[in-house]
Amino acid sequence: MYAWTGKILRLNMTTKTATIEDNKYCKEYLGGQGLADRIIYDEVPTGTHPQDDASKIVIAAGTLCGTGAACSGRTSVALMSAFTEVPTIVDAHMGGNMAPQIKFSGYDAIIVEGKADAPTWVKIHNDEVSFEDASGVWGLGTRKTTEILNQEAGPEYCVCAIGPAGENLVNDSIIVNSMCHAAGAGSGAVFGSKKLKAIVIHGTKSVAVADPMKTLELQQYQLRELIGVNNNHVQPSNQQSWNEFVGATRWQGGPGKMWGEAIGGPLDTGEQKPGDINAIGMRNHTINFFMGNDDIAFKHTVKTGGCYSCPIRCFPDLHFDALKEYGTQYNTATCMTLMHTGDYYNGHINDFVDPGDGALTLGSHIQWLMDDYGVWCGYGDLDYTFAYCMKNDIFKQKLSAEEYAEIPWALQEAGDPQWANEMVSRIATKKGEFGRVLGLGSLWTAKEWGFPDSFWNEATGTYFNFKKGYIRHHSSESFGQVGGLVNIVFNRDSMCHTHQNCLGNGLPYDIVKGVLEEKFGEGCADKTACYTPMNPAKAKFAKWSIVRNNVHDSLALCNWVWPMTFSPMKERGYKGDTALEAKLLTAVTGEEWTEESVDFVGERIMQLQRAMTALELNSKNLRADHDGVSDWVFDRDPDKAAFTEGTTKLDRADWETALDLYYEEWGWDKATGIPTRATLEKFNLADLADKLEAAGLLPA
Amino acid sequence: MTNEKEHVTPESGQEAMPAGEEALDRPAEELSPEEQLEQEKRQRWARCAEAVREQGKEEQYLTLSDLCAWQEMEKDDAAAMMRELMEQEEYKDICVYQGAKDLYYYTYPTLAHNYVKNVALAQEDDLPHTIAETVRYESKIYPRATAIETFSKFPYHYTEIQTRRALELMAKLPEYADIETYVSGKKKTYIFSTKYLSRAYASSLVEMQEDVRIWL
């Protein structure tokens, strides 16, 4: 068999046994997210809490992992959620080095089930699996754990560990591989509930590729002509000799842009012409993009880094002398958590060495700690909740006087790095009400502390989904209704970048519009903050965004870079190649795949998740029970009407039309938003239709 | 082109310039006067095109002024010669940007049109004109308001004080009546053209761009 290993490794933590089983879902679900979701559906009873005995977690590599495809090192994780009202299927994802080691060990996925009676780590080397005593690392952070287990097993192993947050069953917890690549959604607590401290894995097998030369040719074609940087921004943020356009993009490298702490002295990242594949790794600097234009992040950069098989390098290695006394001076990160220093410090940020370095230095410190303690930020959910509590004096109101007095707020006010240690460690160890409640996730924090509905409706536009416990992720600010529709289908922040990667990529609007309209039809892509009423082309764009996201998470390609909708090359008219995934899949499997057949699988995965969600919510009407939108979406900018220049607000009646058209595209019942039997059967999901019908949830 | 690199002139690179290919096969003495003229013209085209291409390899353009000095030609004659050259199929990569003070010949796509335009604007050193050209282009094409710091970066390298003074001057001149500024919530100054962006739209685009959460 090409590309797939055809095998799944099952780890039973109760019996401490490992079994190898056939993967019967290779072609139907590809791998990664699709495979992992299907296994959860097959094996975990509806309603199972993620920390229950019956709960399982699936860690899956993608079909293209190990084949040399660019950005194919993502690992998909499927589990049940604890941060939502009821347990629902959720996906988490991480980069790093876990997925290739799973494939090289001979597996497409690992299923973890049962519960050990004592802390355990699992060592995997090809077919050899052992369950080891983890009492020596229980209680340690992920970094020290990784260091110790790499010493035990060998430096060639990938360590995927939990920190104290996972051990203490914190809803907002992560699993972390290679010290800094995390999958969230409470995955750490699932490991913790199973007393699983870490999976330590190294494989020496190979992934068979049907047509290696074609695969190489396609990869070179992508690198020469198609790929940009993170979010596939395809034009630099600075004028180089070759680029027609300059944008506020993550393509921050260029002449005079120096890695200030490069080994051997500052290094000029230089011109980065398309076609010069050796310069691709010099292009990206996501943190510098977010930190503004003073290049403070460049100054602290040793080099760019990142995941297995990725040329983009969105994780720079950073160094801060000022953090030496805290032991956090070396870090590698991309953007989240690091960007929210102001929230955690309530605006108390001071410079350390250079003007303007405070937010970056403190942000890196916090992010290092979050990874080490294994705390999940929920894509900013925790940050926003914390900031809301500060702004509204919630801590003073809800904590006991003793606990409030015991918290060293003076450290926060002083902008002291030690504040982050206090805050993160309290959450990870559930110390006091402060730690326990903040780690629950926004929904449960809001419930426990009685937040008013205005929490979800703040005009800052944080929670697109009303009272769901997960945050906006490129919603209506990204192509209006398109981004909004993308945000309603999952059970967490959408983590979909297919649409977002078309926005702010450095190209003028007319070029973006032209490429997208060729694919989805006239009117699919509105100008930023200049929206028009809903139309069928927008529904197609939104649906494709989700479908292709699922394809990526199943292959598993990085959706923070893929698809190749645009190109940096003017010779191509800046048009990319959205068939590249199918071409690669054909080359590696030796079987004919087309854009349509690949997207069919991506759609199947969404249909599966949608039906699972209806079952989990026991809902006859997902339109009402799941897809609700916060009022700010329609009420922001009160002095402006929807569909006028200068606002991203949507219109309530138009949104209902949007849902109608969107559901129609998916083949969901318009009234309820639940897949019809015909739709489910089209995707070979008759068993889901039967189950929905038995539960009285299938649309008539 | 690095920020520090000096502009390479044709004089400094003259030694490396090729003599050009023979346009006609026969020796010059065997050609009719008309053929000799044609041969000389084609040889000059070849030399000039080669010079432009050599400049392109250095990420530079060739100005009409430099071309005239090198070829010892009057400006009008040189410009006409280059117009004719650019009509030939073999020189279709040669393009020109017409600045206010000079013409700038370059090879495309080796150099981007906008790269040449921006470097030429910087070389002409007319800051109000540069601001107006850049701001109108960005307001129309992307569309977006232009951050004031744009003019402190390559290829312009003006100080922010210089840019602000230029804006004050422009505010008094009717030809720049469409150029307006907006100060964002983060206290950064942006410039936009009301020919292409309303104040309300420009300000909303600025605030969205500055809202980090939107782009995470």
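Within every chain, numbering begins at 1; the chains are lettered A, B, ... in the order of the sequence lines, protein sequences first and strands thereafter.
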*Asks:* Angle class for the A/Phe455/A/Tyr463 ring planes (parallel below 30°, perpendicular above 60°, tilted otherwise)?
*Replies:*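 Answer is tilted, since the angle falls between 30° and 60°.
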*Asks:* Mark yes when over 12 heavy atoms from residues, nucleotides or ligands other than B/Asp76 sit less than 6.0 Å from its CG; otherwise mark no.
*Replies:* no
*Asks:* Count the heavy-atom pairs under 4.5 Å between each of A/Tyr509, A/Phe245, A/Phe290 and chain B, then report the option with the highest count.
*Replies:*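 Greatest number of close heavy-atom pairs with chain B: A/Phe290.
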*Asks:* List for me each residue that meets salt bridge (charged side-chain N to carboxylate O under 4.0 Å, His left out) alongside B/Arg136, sequence neighbours excluded, and say none if there are none.
*Replies:* B/Asp178
*Asks:* According to ring-ring contact (aromatic ring centres under 6.0 Å, His included), who are the partners of A/His497, at least two apart in sequence or on a separate chain?
*Replies:* A/His473, A/His474, A/Trp560
*Asks:* Can you tell me if B/Asn118 and B/Thr134 form a side-chain donor-acceptor pair at under 3.5 Å?
*Replies:* no
*Asks:* Do the ring planes of A/Tyr384 and A/Tyr388 sit parallel (below 30°), tilted (30 to 60°) or perpendicular (above 60°)?
*Replies:* tilted
*Asks:* Does a side-chain N-to-carboxylate-O contact under 4.0 Å join B/Glu50 and B/Arg47?
*Replies:* no
*Asks:* Check B/Arg83 with B/Glu87, please: is the shortest side-chain N to carboxylate O separation under 4.0 Å?
*Replies:*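 Here B/Glu87 does not pair with B/Arg83 in a salt bridge, since their nearest N and O are not under 4.0 Å apart.
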*Asks:* What residues of residues 196-210 of chain B sit under 4.5 Å from chain A when only non-hydrogen atoms are counted?
*Replies:*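 Against chain A, the residues of residues 196-210 of chain B that fall inside the cut-off (heavy atoms, under 4.5 Å) are B/Ser198, B/Ala200, B/Tyr201, B/Ser204, B/Leu205, B/Met208, B/Gln209.
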*Asks:* I need the residue from A/Glu571, A/Lys527, A/Gln500, A/Lys273 with the largest number of non-hydrogen atom pairs under 4.5 Å to chain B.
*Replies:*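 So the answer, after comparing A/Glu571, A/Lys527, A/Gln500, A/Lys273, is A/Lys527.
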*Asks:* State whether A/Arg472 and A/Asp493 are salt-bridged, where the test is any N-O pair (Lys NZ or Arg NE/NH1/NH2 against Asp/Glu carboxylate O) under 4.0 Å.
*Replies:*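 A salt bridge is absent here (no side-chain N lies under 4.0 Å from a carboxylate O).
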*Asks:* Taking everything shown except A/Lys640 itself, do over 12 heavy atoms lie less than 6.0 Å from its NZ?
*Replies:* yes
*Asks:* For chain A, find its close neighbours in residues 89-111 of chain B: heavy-atom separation under 4.5 Å, sorted by number, or none.
*Replies:*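 Heavy-atom contacts from residues 89-111 of chain B to chain A are B/Tyr108, B/Pro109, B/Thr110, B/Leu111.
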*Asks:* What part of A/Ile511 is in contact with chain B, defined as an atom under 4.5 angstrom from a non-hydrogen atom: side chain, backbone, both or neither?
*Replies:*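 Nothing of A/Ile511, per the 4.5 Å heavy-atom cut-off to chain B.
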*Asks:* Got more than 12 heavy atoms from elsewhere within 6.0 Å of NZ, B/Lys41?
*Replies:* yes
*Asks:* Is the number of heavy atoms from other residues, nucleotides or ligands under 6.0 Å of A/Lys570 NZ greater than 12?
*Replies:*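 Counting other residues, nucleotides and ligands, NZ of A/Lys570 exceeds 12 neighbours.
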*Asks:* Which one, A/Ser478, A/Pro508, A/Ala248, leads in non-hydrogen pairs under 4.5 Å with chain B?
*Replies:*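 Sorted descending by pairs with chain B, the first entry is A/Pro508.
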*Asks:* Could you look at A/Asn243 and say if it's the side chain, the backbone, both or neither that has a heavy atom under 4.5 Å from chain B?
*Replies:* backbone
*Asks:* Given a strict heavy-atom distance threshold of 4.5 Å, which part of A/Tyr379 is in contact with chain B: side chain, backbone, both, or neither?
*Replies:* side chain
*Asks:* I'd like to know if the side chain of A/Arg250 pairs up with that of A/Asn284 as donor and acceptor (distance under 3.5 Å, no hydrogens or angles considered).
*Replies:*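 Per modelled atom types, A/Arg250 and A/Asn284 side chains form no pair under 3.5 Å.
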*Asks:* Heavy-atom distances under 4.5 Å only: say whether B/Tyr137 touches chain A with side chain, backbone, both or neither.
*Replies:* side chain
